[in-house]
**Q** 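Take this structure first; my questions come after.
Quick note on labels: first sequence line is chain A, next is B, and so on, each numbered from 1.
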Number of protein chains: 2
Amino acid sequence: MRAIRAQMRSTAAKELSVVQFRTLAFLDRNRGASLSDVKDHIGLTLPSVSKLVQGLITRGFLHREEDPNDRRRNALAATAKGRKVLEAARAVTRQSLAERLAGLDDEALALVLEAMHALRPIFLTHNGKGKES
Amino acid sequence: MRAIRAQMRSTAAKELSVVQFRTLAFLDRNRGASLSDVKDHIGLTLPSVSKLVQGLITRGFLHREEDPNDRRRNALAATAKGRKVLEAARAVTRQSLAERLAGLDDEALALVLEAMHALRPIFLTHNGKGKES
DNA sequence: GGAAATGGTTTCACTTTCTAACTATCTAGT
DNA sequence: ACTAGATAGTTAGAAAGTGAAACCATTTCC
């Protein structure tokens, strides 16, 4: 607990925007992904993710090298520092969620869990950013 | 159904941002609320809300007059057009939600309803925008 | 081998938001 | 009743996020 707090303050976990968080998380799960991969996952344009990723690299959260198979592509990955920040950010939201959910008794909690389980497949499909209505 | 579609296209429901939607919804529920009331509910600064509301007034979705009791305050309210746009926007999300939920059988649906009921009081408290951690 | 497609970056404009500074009105304390 | 301070809102200016257009480098396909 205290360790997490310390981490949060020290590691400049301060101010990870939602998009930044999602990007970092995605690249933690998918080492070596390219900018376009990020673009497809996050749903921004290529220029935007370009800047976004540049920022995360500057801050030392990400690491970029050339893809050996395709020299146009970037091979992106989270750095150790990046993973630390990511975990810190997760800890914060977990904490906050836990505090909220603490108000539920066991039965209610089980209910919620079941419901989430039922909803999960329904909302897993990607939105798709269709340009027309 | 077709009526709603028509409404959506006609009324320039196109492009209501989330903040705009929330503002409009709030002022539909709370006629005569002031800019500061909106600010407290939406969680933006006063200048931001000022411009936000100005935009909605310009588009004819909101209506402003002077509060008779306090001449500093605005008394804001949704116009008929604003309510129409609001309802159209709601219809869109309802539609989308309905499509998703259509995949659930009655039992699962009941489960989800119960869970939401349990969660509701937990998440009703306002976030609060605390400046420090 | 050259045309077309793909991956990224840069530039420019637009929008949203904030802070700071200001005006107008109201409230309280003397 | 006056004035000091609080409250409501606006304006101006700066910073951040995003997208479209133009561009370069590399790869793929006929």
**Q** What's the CD1-P distance between A:Ile42 and D:dT18, to the nearest Å?
**A** 10 Å
**Q** Quick one: is D:dT28 close enough that its OP1 or OP2 comes under 4.0 Å of any side-chain N or O from A:Arg71?
**A**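 Checking A:Arg71 against D:dT28: no side-chain N or O falls below 4.0 Å of OP1 or OP2.
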**Q** With a 3.5 Å cut-off and heavy atoms only, can you find an N or O donor on one side and an acceptor on the other between the side chain of A:Lys51 and the base of C:dT9?
**A**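 Counting by modelled atom types and ignoring angles, no donor-acceptor contact under 3.5 Å is found here.
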**Q** Considering every strand and a 4.0 Å limit on heavy-atom distances, what is the contact class for A:Val19: base, sugar-phosphate, or nothing?
**A** sugar-phosphate
**Q** Using a cut-off of less than 4.0 Å, is there contact between a side-chain N or O of B:Ser50 and OP1 or OP2 of D:dT10?
**A** yes
**Q** Let me spell it out: for each of B:Leu44 and B:Asp67, pick the nucleotide of DNA chain C with the closest heavy atom. Which residue's pick is nearer the 5' end?
**A** B:Leu44
**Q** Separation of A:Lys39 atom NZ from C:dT9 atom P, in whole Å?
**A**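 After rounding, the gap between these two atoms is 13 Å.
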**Q** Write down the protein N/O and nucleotide N/O pairs, taken from nucleotides 4-7 of chain C, whose separation is under 3.5 Å; answer none if there are no such pairs.
**A**
residue : atom : partner : partner atom : Å
C:dT6   : O2   : A:Arg72 : NH1          : 2.5
C:dG7   : OP1  : A:Arg73 : NH1          : 3.0

**Q** Checking salt bridge (charged side-chain N to carboxylate O under 4.0 Å, His left out) for the pair A:Arg72/A:Asp67: CA distance, chi angles, key distance, verdict?
**A** CA-CA 7 Å; A:Arg72 291 170 303 180; A:Asp67 184 324; over 6 Å; no
**Q** Using the rule that two of Ile, Leu, Val, Met, Phe, Trp, Tyr join whenever any of their side-chain heavy atoms come within less than 4.5 Å, decide whether A:Phe123 and B:Val112 are in one cluster.
**A** yes
**Q** How do A:Asn69 and A:Pro47 order along DNA chain D: which one's closest nucleotide is nearer the 5' end?
**A** A:Pro47
**Q** Do A:Ser96 and A:Thr93 have a side chain donor and acceptor closer than 3.5 Å?
**A**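 Checked: A:Ser96/A:Thr93 side chains show no N/O donor-acceptor pair below 3.5 Å.
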**Q** Does atom CG (A:Asp106) have a neighbourhood of more than 12 heavy atoms from anything else shown, all under 6.0 Å?
**A**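 No, CG of A:Asp106 has 12 or fewer neighbouring heavy atoms, counting only those of other groups under 6.0 Å.
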**Q** Roughly, in whole Å, what's the span from CG in B:Leu76 to P in D:dA8?
**A** 13 Å
**Q** Give a yes or no on whether a salt bridge exists between B:Glu87 and B:Arg94, defined as a side-chain N under 4.0 angstrom from a carboxylate O.
**A** yes
**Q** Under a 3.5 Å cutoff, is there a donor and acceptor pairing between the side chains of A:Arg90 and A:Gln95?
**A**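 Distance-only check fails for A:Arg90 and A:Gln95.
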**Q** Rounding to a whole Å, what distance do you find between A:Leu56:CG and D:dG17:P?
**A**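 Going from A:Leu56 (CG) to D:dG17 (P), I get 10 Å.
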**Q** Students often get this wrong, so: under 4.0 angstrom with heavy atoms, is B:Leu52 touching a base, only sugar-phosphate, or nothing?
**A**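 Touches nothing.
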**Q** Within less than 4.0 Å of OP1 or OP2 of C:dG8, is there a side-chain N or O belonging to A:Gln54?
**A** no
**Q** Tell me who clusters with B:Leu111, hydrophobic residues only, linked when side chains sit under 4.5 Å apart either directly or through other members.
**A** A:Leu111
**Q** Between A:Ser48 and D:dG17, does any side-chain N or O lie under 4.0 Å from OP1 or OP2?
**A**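 False: A:Ser48 side-chain N/O out of range (4.0 Å or more) of D:dG17 OP1/OP2.
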